[in-house]
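Got a structure for you, questions after.
The chains referred to below are lettered A, B, ... by the order of the sequence lines, with proteins before strands, and numbering in each begins at 1. What's counted below: heavy atoms across the whole structure, side chains too, no hydrogens, waters or symmetry copies.
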Amino acid sequence: MQTGKRLFGVVVLALSLAGCFEEASFEFHEPGVYKGKTDPLLKKAGTPELESQLQARLTRIQTDR
Amino acid sequence: MARMKFLCDAERCIECNACVTACKNEHEVPWGVNRRRVVTLKDGEPGEKSISVACMHCTDAPCSAVCPVDCFYTTADGIVLHDKNLCIGCGYCFYACPFGAPQYPQQSAFGVRGKMDKCTFCAGGPDADGSAEERTKYGANRIAEGKLPLCAEMCSTKALLAGDGDTVSEIYRERVLRRGGRPQTWGWDKAYGAS
């Protein structure tokens, strides 16, 4: 009877401890590196087409009349 | 490759605030936030000068350096942008910026500021170009459409220049030569260093 109680106690303890289990997986991030989603403009920025378009716009609109 | 820069010619700025209005209208900026503002020195006195100030899109941006969630990124042509989905409204960038560019839309109990808002050089944010989501969060994306910032394009006296740094400095150099004075490229040393 005593052994049965002890065994029961051990089983309850084991089950309750199993409930406390937490998977320790961490995600490490490099500091100073952008974490957000990629801007579609990044692909377009710096391309010769967009640059020439912006350059033409600058010389046409912002220079003295 | 082009390096996008702003330059305000203090000799030409007449403090009309058209740049401020154009910015607010184009991007439908919320109340209490001014992405661009005109600062006047010696107001009403001899030697009065006005300068239109916004984010200068610094080469080594201090806002980006202090951001604890790394929500800033820089495009290939030097435009400093940020992701509002990552911003936690801590205010570090506001304290780091020498131009007072980062702004916060709300001030309520417990110091809740909301997501930081600043000039995007009319280049929107990381959402799809021209999407409703991008427009709501960051305003219009004129760069993707091949247009330059509206504040500079609307400037009636051509005091505010925006575009490729080499062309902008060439335009300004010609003006200074015509005036016969020394160039005073306000904010350029702080924003872009020696280059």
For Ile171(B), which atoms come within 4.5 Å of any heavy atom of chain A: side chain, backbone, both, or neither?
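Only the side chain of Ile171(B) comes within 4.5 Å of chain A.
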Region of Asp164(B) that comes under 4.5 Å of a non-hydrogen atom in chain A:
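It is both, since atoms from each part get that close.
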Return the minimal non-hydrogen interatomic distance between Cys71(B) and Tyr34(A), and the atom names on each side.
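Heavy atoms of Cys71(B) and Tyr34(A) come nearest at O-CE1, 3.5 Å.
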Contacting region of Leu42(A) [heavy-atom separation from chain B under 4.5 Å]
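For Leu42(A), side-chain heavy atoms alone lie under 4.5 Å from chain B.
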Got a sec, which residues hit salt bridge (Lys or Arg N to Asp or Glu O under 4.0 Å) with Glu30(A), two or more places apart in sequence or on another chain?
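Not a single residue meets the salt bridge (Lys or Arg N to Asp or Glu O under 4.0 Å) criterion with Glu30(A).
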Non-hydrogen atoms of chain A under 4.5 Å away: do they reach the side chain of Ala123(B), the backbone, both or neither?
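Contact with chain A involves both backbone and side-chain atoms of Ala123(B).
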Is the side chain of Glu51(A) donor-acceptor paired with the backbone N or O of Ala2(B) at a distance under 3.5 Å, no angle test?
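Yes; judged by distance alone, with no hydrogens or angles, the pair exists.
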Please check: side-chain N/O of Lys147(B) versus main-chain N/O of Arg57(A), any donor-acceptor pairing under 3.5 Å?
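Not at all, since once roles are kept as given, no pair shorter than 3.5 Å links the two residues.
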Of all heavy-atom pairs between Ile143(B) and Leu50(A), which one has the smallest distance, and what is that distance?
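For Ile143(B) versus Leu50(A), the nearest heavy atoms are O-CD1, 3.3 Å.
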Answer with side chain, backbone, both or neither: which region of Arg3(B) has an atom nearer than 4.5 Å to a non-hydrogen atom of chain A?
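For Arg3(B), neither part sits under 4.5 Å from chain A.
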List in chain and number order the residues that pass salt bridge (Lys or Arg N to Asp or Glu O under 4.0 Å) with Arg36(B), two or more places apart in sequence or in another chain; answer none if no residue qualifies.
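Listed in chain order: nothing, the list is empty.
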Between Ala45(A) and Ala76(B), what is the shortest heavy-atom contact and its length?
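In this case the closest contact between Ala45(A) and Ala76(B) is O-CB, 3.9 Å.
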Side chain, backbone, both or neither: which part of Thr74(B) has an atom under 4.5 Å from a heavy atom of chain A?
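The backbone, not the side chain.
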Can you check salt bridge (charged side-chain N to carboxylate O under 4.0 Å, His left out) on Arg175(B) and Asp64(A), steps first, answer last?
CA-CA 9 Å; Arg175(B) 284 182 192 175; Asp64(A) 292 338; 3.6 Å; yes
Using non-hydrogen atoms and a 4.5 Å limit, figure out which bit of Glu170(B) sits close to chain A: side chain, backbone, both or neither.
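Contact with chain A: none, neither part.
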Closest heavy-atom pair and its distance - Gly163(B), Leu58(A)
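So the two residues come closest at CA-CD2, 4.1 Å.
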Please state whether the side chain, the backbone, both or neither of Leu160(B) comes within less than 4.5 Å of a heavy atom of chain A.
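Interface part for Leu160(B): backbone (N, CA, C, O).
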Show the nearest heavy-atom pair for residues Gln53(A) and Glu145(B), with the distance to one decimal.
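That closest heavy-atom pairing would be NE2-O, 3.8 Å.
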Has the side chain of Asp70(B) got a donor or acceptor atom that lies under 3.5 Å from a matching backbone atom of Lys35(A)?
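No; judged by distance alone, with no hydrogens or angles, the pair does not exist.
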Which atoms of Leu86(B) approach chain A - backbone, side chain, both or neither, heavy atom under 4.5 Å
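Side chain only.
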Say whether, by atom type as modelled, one donor and one acceptor occur between the side chain of Glu153(B) and the main chain of Ile61(A) under 3.5 angstrom.
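No, Glu153(B) side chain to Ile61(A) backbone: no donor-acceptor pair under 3.5 Å.
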